[in-house]
*Asks:* 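Supplied in structure tokens, the structure appears directly below.
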Amino acid sequence: MVIRVNVEFLAKDAVKAVDRGDLIVIIDALRCSSTIVTALANGAKAIIPVRTLDEARRFHAENPNYILAGERGGLKPRGFELGNSPLEYTPEKVSGKIIILTTTSGTSALTYSRGAKWIFVGSFLNAKAVAEKSISIANAEDIGISIVQAGTKGRFSLEDFLCTGAIVNELSKSESEVELSDAAQASLLAFKDAEDDLLANIMKSNHSKKLIELGFTKDIEFSCRKNLFSIVPIYRKGIITKIE
Ligand code: MLT
């Protein structure tokens with residue numbers, strides 16, 4: 001069996017992956033997917049992604065024990081307990097907790113994917129784990145894999161493209177036969193070219209520049225660490241948990 005690997009460059013195009021019946025891997029390397037992976041790796045019970053600030057605040061008012069978290073313009077919104085910095089999501093703060101998360105692009109990519117049976121969250125931090133789990137499910141269910149990049153405010157983003165390449169690289173190592181779309185092949189070529197100096201290359205992206213300006217350089221450094229965690233977040237019935 002050959003597993004087809006597709007790539008979508010924008011959050012809203014997750015619906016195309018849903019229509020294909022593919023397993024979806026959502027990527028927002030800076031920083032939403034890195035934050036989700038880190039929170040779950042550090043013991044968070046679940047993450048509930050929501051699209052708007054209002055929705056997040058309303059939901060929190062109904063569930064005051066949950067942590068209200070996220071960003072707008074990269075910064076923690078008024079009244080929120082945590083921002084969107086993966087480094088804030090320490091075991092002390094998140095272990096055993098349920099987190100309501102709203103970010104500019106990442107959480108909306110997740111909500112656009114809702115119709116799919118399998119939705120995973122990928123980042124550099126868990127590239128190998130998410131690739132291995134995706135291959136095993138795609139094989140078992142005879143479906144393709146779509147990597148959906150959240151992008152930045154509706155535009156293509158370099159860091160998500162390189163992260164796609166990192167995951168495609170892991171998919172290509174599998175014993176299963178994979179057939180890469182042109183976009184998947186391009187991401188792999190870009191990743192291989194950038195890999196030896198990944199951080200410096202990611203630092204060239206527009207979103208990195210914005211995060212550096214805001215004082216979040218350490219988030220970029222952390223988010224570029226490959227395969228630090230072996231967990232795979234799964235988004236199902238509106239909630240993200242660790243797949244067992
Ligand atoms: C987003 O979802 O747009 C990003 O995670 C923004 C950020 O870096 O905070």
Side-chain angles (χ1 to χ4, degrees), residues 11 14 17-18 23-72 76-77 79-134 136-137 147-148 150 163 167 219 222-223 227-244:
V18 175
L23 175 154
I24 295 180
V25 180
I26 294 288
I27 297 184
D28 185 9
L30 296 178
R31 294 167 292 170
C32 180
S33 57
S34 301
T35 294
I36 291 169
V37 170
T38 306
L40 290 174
N42 284 341
K45 202 159 153 192
I47 295 165
I48 303 172
V50 299
R51 212 182 279 191
T52 68
L53 288 176
D54 278 354
E55 224 179 315
R57 289 196 171 107
R58 234 184 359 255
F59 197 49
H60 185 247
E62 289 160 15
N63 301 279
N65 293 336
Y66 295 0
I67 294 180
L68 182 58
E71 60 71 39
R72 283 300 178 274
K76 185 166 75 171
F80 277 43
E81 198 173 327
L82 293 178
N84 188 31
S85 166
L87 295 170
E88 286 179 89
Y89 290 69
T90 57
E92 296 70 35
K93 287 200 181 134
V94 302
S95 183
K97 299 278 170 71
I98 297 177
I99 300 165
I100 303 165
L101 182 69
T102 179
T103 71
T104 311
S105 313
T107 52
S108 94
L110 282 159
T111 48
Y112 278 120
S113 309
R114 259 185 196 153
K117 178 173 175 197
W118 296 97
I119 307 165
F120 294 154
V121 178
S123 65
F124 288 110
L125 299 170
N126 70 337
K128 186 169 191 286
V130 81
E132 284 173 355
K133 186 54 89 178
S134 300
S136 94
I137 305 275
I147 302 177
V148 176
C163 185
I167 293 172
D219 286 359
F222 179 76
S223 301
N227 304 324
L228 184 64
F229 299 124
S230 56
I231 65 137
V232 179
I234 177 167
Y235 179 45
R236 185 162 277 170
K237 296 186 180 153
I239 298 176
I240 304 170
T241 52
K242 249 187 316 198
I243 195 164
E244 297 305 334

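By convention here, the first residue in the shown sequence is residue 1.
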*Asks:* With no hydrogens and no angle check, just 3.5 Å: does a side-chain donor-acceptor pair link Arg72 and Thr103?
*Replies:* no
*Asks:* Val232 versus Val37: any side-chain heavy-atom pair under 4.5 Å?
*Replies:*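 Side chain of Val232 against side chain of Val37, heavy atoms only: no contact under 4.5 Å found.
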*Asks:* Which is it for Lys76 and Glu81 under the side chain to side chain contact (heavy atoms under 4.5 Å, CB included) test, yes or no, and what are the steps along the way?
*Replies:* CA-CA 8 Å; Lys76 185 166 75 171; Glu81 198 173 327; over 6 Å; no
*Asks:* For the residue pair Thr102 / Glu55, report whether a side-chain donor-acceptor contact shorter than 3.5 Å exists.
*Replies:* no
*Asks:* Does Phe120 form a side chain to side chain contact (heavy atoms under 4.5 Å, CB included) with Lys133? I'd like the steps, not just the answer.
*Replies:* CA-CA 9 Å; Phe120 294 154; Lys133 186 54 89 178; 3.7 Å; yes
*Asks:* Can you confirm whether Ile67 sits close enough to Ile100 that some side-chain heavy atom of one is under 4.5 Å from a side-chain heavy atom of the other?
*Replies:*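 Ile67 vs Ile100: side chains apart.
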*Asks:* Is any side-chain heavy atom of Ile243 closer than 4.5 Å to a side-chain heavy atom of Trp118?
*Replies:*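 The answer is yes, as the side chains (C-beta and beyond) meet within the 4.5 Å cut-off.
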*Asks:* Indicate the atoms forming the closest heavy-atom contact of Glu88 with Lys93, along with that distance.
*Replies:* O-CD, 3.5 Å
*Asks:* Quick one: closest heavy-atom pair of Val121 and Ser33, and the distance?
*Replies:*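 Val121 and Ser33 have their closest heavy atoms at CG1-CB, 3.4 Å.
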*Asks:* Could you tell me whether the side chain of Tyr89 reaches within less than 4.5 Å of the side chain of Ile99, counting heavy atoms only?
*Replies:* yes
*Asks:* Classify the side-chain pair Ser108/Arg51 by whether it contains a donor and acceptor separated by less than 3.5 Å.
*Replies:*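 Short answer, no.
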*Asks:* Among Ile239, Leu101, Ile240, exactly one meets side-chain contact (heavy atoms from CB on, under 4.5 Å) together with Ile48. Which residue is that?
*Replies:* Ile239
*Asks:* With side chain to side chain contact (heavy atoms under 4.5 Å, CB included) as the test, would you mind laying out the steps for Ile119 and Val25 before giving the verdict?
*Replies:* CA-CA 6 Å; Ile119 307 165; Val25 180; over 6 Å; no
*Asks:* Is there a donor-acceptor pair under 3.5 Å between the side chain of Thr35 and the backbone N or O of Asn84?
*Replies:*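 Yes, because the side chain of Thr35 sits within donor-acceptor range (under 3.5 Å) of the backbone of Asn84.
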*Asks:* Within the 4.5 Å heavy-atom criterion, are Ile167 and Val130 side-chain neighbours or not?
*Replies:*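 A side-chain contact under 4.5 Å exists here.
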*Asks:* Decide yes or no on side chain to side chain contact (heavy atoms under 4.5 Å, CB included) for Phe80 and Leu53, but give the supporting numbers first.
*Replies:* CA-CA 10 Å; Phe80 277 43; Leu53 288 176; 3.8 Å; yes
*Asks:* Contact between Pro77 and Arg57 at the side-chain level, heavy atoms closer than 4.5 Å - yes or no?
*Replies:*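 Touching, per the 4.5 Å side-chain cut-off.
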*Asks:* If you compare all heavy atoms of Lys117 against all heavy atoms of Arg236, which two are closest, and at what distance to 0.1 Å?
*Replies:* O-NH2, 2.9 Å
*Asks:* Salt bridge check, Glu132 against Lys128: does any charged N sit closer than 4.0 Å to a carboxylate O?
*Replies:*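 So Lys128 pairs with Glu132 through a salt bridge.
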*Asks:* Is the shortest side-chain heavy-atom distance between Ser113 and Ile26 below 4.5 Å?
*Replies:*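 Touching, per the 4.5 Å side-chain cut-off.
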*Asks:* How close do Thr241 and Ala46 get, counting heavy atoms only, and between which atoms?
*Replies:*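 The pair with the smallest heavy-atom distance is CG2-CB, 4.0 Å.
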*Asks:* Where is the tightest heavy-atom contact between Ala116 and Ile24, given as atom of each residue plus distance?
*Replies:*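 Nearest heavy atoms, Ala116 then Ile24: CB-CD1, 3.7 Å.
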*Asks:* Do Thr107 and Thr111 come within less than 4.5 Å of each other through their side chains, counting heavy atoms only?
*Replies:*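 The answer is no, as the side chains (C-beta and beyond) never meet within the 4.5 Å cut-off.
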*Asks:* At their closest point, which heavy atom of Pro49 faces which heavy atom of Tyr235, and how far apart are they?
*Replies:* CG-CE1, 3.5 Å
*Asks:* With respect to Ser34, which candidate in Leu228, Asn126, Leu125 satisfies the side-chain contact (heavy atoms from CB on, under 4.5 Å) definition?
*Replies:* Leu125
*Asks:* With rounding to the nearest 0.5 angstrom, report the CZ to CG distance, Arg31 to Leu87.
*Replies:* 9.5 Å
*Asks:* Would Asp28 and Ser105 count as having a side-chain donor-acceptor pair, cut-off 3.5 Å?
*Replies:*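 Side chains of Asp28 and Ser105: no pair found under 3.5 Å.
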